[in-house]
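Read the structure below first, then the notes.
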Amino acid sequence: MNVLTLVKSVLFGTLFCIAFNACAQKTNPNIVIIYVDDLGYGDIGVNGAIGVETPHIDTLAKNGLNLTDAHCSSSTCTPSRYSLLTGSYAFRNNAAILEGDAPLIIDPNMETLPKILQKAGYKTAVVGKWHLGLGKGKINWNEKIPLGPQEVGFDYSFLIPATGDRVPCVFLENQEVVDLDPNDPITVSYGTRIEGYPWGFQHPELLKHHTDPYHQGAIINGISRIGYMKGGKNALWVDEKIPFVLSEKATEFIDESKEKPFFLYFSLHDIHQPRIANIKFVESSTMGPRGDVIAQMDWCVGQISEALEKQGLLENTLLIFTSDNGPILDDGYLDYARELVGNHKPGGVYRGSKYSAYEAGTRVPTIVHWPKKVKAGESSALLSQVDLYASLASLVNQNVTSGNAIDSQNFMDSWLGKSNKGREFLLEEAYTYGLRMGNWKYIKPKDKPVPNWIVQKFVDPGFRKEPQLFNLDEDPSESNNVYKNHPEIVQKMERKLETILNP
Ligand code: NG6
Ligand code: CA
């Protein structure tokens, strides 16, 4: 080969690659994950909600795929989010519910779902609740926070730093507090009380709702939170406006991102406490605040569908609607919700709730909408959010490099309804462990007192001294422990659990 031919073929090869990549990028779908906080299986119309209507979600379900046995990886927030973004189980990194000033728990050198999508040419954004920690140690809220979504793979971020019931009650845009007045700097403290915003336990007369003893720190907007805070008055969020602010940021990102495929992780504050619905949604359900914020959350979902439609993107957007853990009734604030009026069942027929190893802890509403590729219908394949990492990577033709996303398996065909094959085993992390094998459900014994704050919520976390085994085919509500009748199944599942926990 002479030099000229060599140059020509290299040039041709390069052009071919560029064209191929550009082409792949164009046809790759946009990916939107709408991640609701604390929404239960039975809280949406299509799964049997009574007392609140969810027309926008139901429309997605009608035109998409309703996955009826899909699970978040854990029955609490931070662990589920950690698994979603890293493809590994939270216990591997001791990921547990974090305080509002905790350091980032995702190693910035780690490959993540948004980083994989960036490699495939995606523009990435997170809008909403973060709760994965920020910075390295003590956070200085008055300057750009050095470690956060950007280091995890998000080109753009607009955040509630932790939860709505934790300080600081400010938004962060690209890791800087929005609307901060430099003359009124922010200090945040967990543990040591600091002067600043008055404390709930000293000023009950200032409160919109009474609270449990854990939510009696800084009072902001008439709501006392976990933790103490001083300064940043100009930057404080107004709870009643959060859904509008977040929806606007998310739809702006959609409007500005038409040219390239994008990944939007839209992580709503609703329906977490404090449940302070905007006046537009107050009394829009017959269940009080918890129902009203479900209606509010449904409205936010409608904003996303509308924005995609307006830009002509709905057809080729893979939209996954789901939740980070199961439902909980009053969780800190006594908001007088009439949650149990009527037959509404937040967890559907399933036993348990948020914090629990029973099914309702992790079996969450899950709808996949992608008109171009996904046929409308229902699937009962056993699926876990920990697999979205490897599944989405395969969808965009990226390899998961070894040592990363170790618990994530490619189940893309099942997530898209092309196959009914589910996981052979599925881990449900809680304060003990649940394990599914087909329709068998095993719960690891835990001989430890139930934490006080869980007892106060009337939640049964699933702690028992003996193993628990349920046959969900006959007993979907896990009411009949049959472990004594099936020692061989118990043994098989115990062994499997051990290999997952101690590989
Ligand atoms: C718990 C809080 C609860 C809620 C939860 C996090 C207490 C007693 N309870 O520790 O109110 O904030 O953390 O919820 O402090 S989650 O959805 O983010 O996991
Ligand atoms: Ca949650």
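Just follow the structure's listing: the first ligand is 1, and inside any ligand the first atom is 1.
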Relative to the heavy atoms of [X], which atoms of ligand 1 are at a distance of less than 4.0 Å?
X: D165; answer: 3 (C), 4 (C), 11 (O), 12 (O)
X: N325; answer: 17 (O)
X: T163; answer: 18 (O)
X: D37; answer: 17 (O)
X: Q273; answer: 3 (C), 4 (C), 11 (O), 12 (O)
X: H131; answer: 18 (O)
X: H215; answer: 7 (C), 9 (N), 11 (O)

Which residue holds the protein heavy atom closest to [atom], what is that atom called, and what is the gap in Å?
atom: atom 10 (O) of ligand 1; result: R166 NH2, 3.4 Å
atom: atom 15 (O) of ligand 1; result: I226 CD1, 3.5 Å
atom: atom 17 (O) of ligand 1; result: K354 NZ, 2.9 Å
atom: atom 18 (O) of ligand 1; result: K129 NZ, 2.8 Å

Applying the salt bridge (charged side-chain N to carboxylate O under 4.0 Å, His left out) criterion to K354, which one of D38, D330, D43 satisfies it?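 So the option named by the test is D38.
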Hydrogens and angles aside, do [X] and [Y] bring a side-chain donor and acceptor to less than 3.5 Å of each other?
X: T211; Y: Q216; answer: yes
X: N66; Y: N47; answer: yes
X: T124; Y: D155; answer: yes

Just one of I271, V282, D335 clears the side-chain contact (heavy atoms from CB on, under 4.5 Å) bar with V293, so which one?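 For V293, the side-chain contact (heavy atoms from CB on, under 4.5 Å) test succeeds with only one of I271, V282, D335, which is I271.
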Just wondering, are more than 12 heavy atoms of other shown residues or ligands nearer than 6.0 Å to NZ in K446?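 It does: K446 NZ has more than 12 such atoms within range.
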More than 12 non-hydrogen atoms from neighbouring residues, nucleotides or ligands closer than 6.0 Å to CD on Q118, yes or no?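 It does: Q118 CD has more than 12 such atoms within range.
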When the ring planes of F91 and Y89 are compared, do they come out parallel, tilted or perpendicular, using 30° and 60° as the limits?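 Rings of F91 and Y89: parallel, as their planes differ by under 30°.
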Going by the angle between their ring planes, with limits at 30° and 60°, are W199 and Y228 parallel, tilted or perpendicular?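 Perpendicular, since the angle between the ring planes exceeds 60°.
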Under 6.0 Å between the ring centres of [X] and [Y]?
X: F321; Y: H369; answer: no
X: F262; Y: F253; answer: yes
X: F171; Y: F158; answer: yes

Counterpart residues, side-chain contact (heavy atoms from CB on, under 4.5 Å), relative to T362 (two or more places apart):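 With sequence neighbours excluded, T362 shows a side-chain contact (heavy atoms from CB on, under 4.5 Å) to H71, C72, S75, E428, given in chain and number order.
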Answer side chain, backbone, both or neither: which part of R225 comes under 4.0 Å from ligand 1, heavy atoms only.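 The answer is neither; R225 stays 4.0 Å or more away.
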Region of Y355 that comes within reach of ligand 1 [heavy atoms, distance under 4.0 Å]: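 Within the 4.0 Å criterion, Y355 contacts ligand 1 through side-chain atoms alone.
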For C77, is the nearest heavy atom under 4.0 Å from an atom of ligand 1?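 So C77 counts as touching ligand 1.
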Protein N, O or S atoms less than 3.0 Å from the Ca ion (ligand 2), ignoring waters?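 Checking every protein N, O and S atom gives D37 OD1, D38 OD1, D324 OD1, D324 OD2, N325 OD1.
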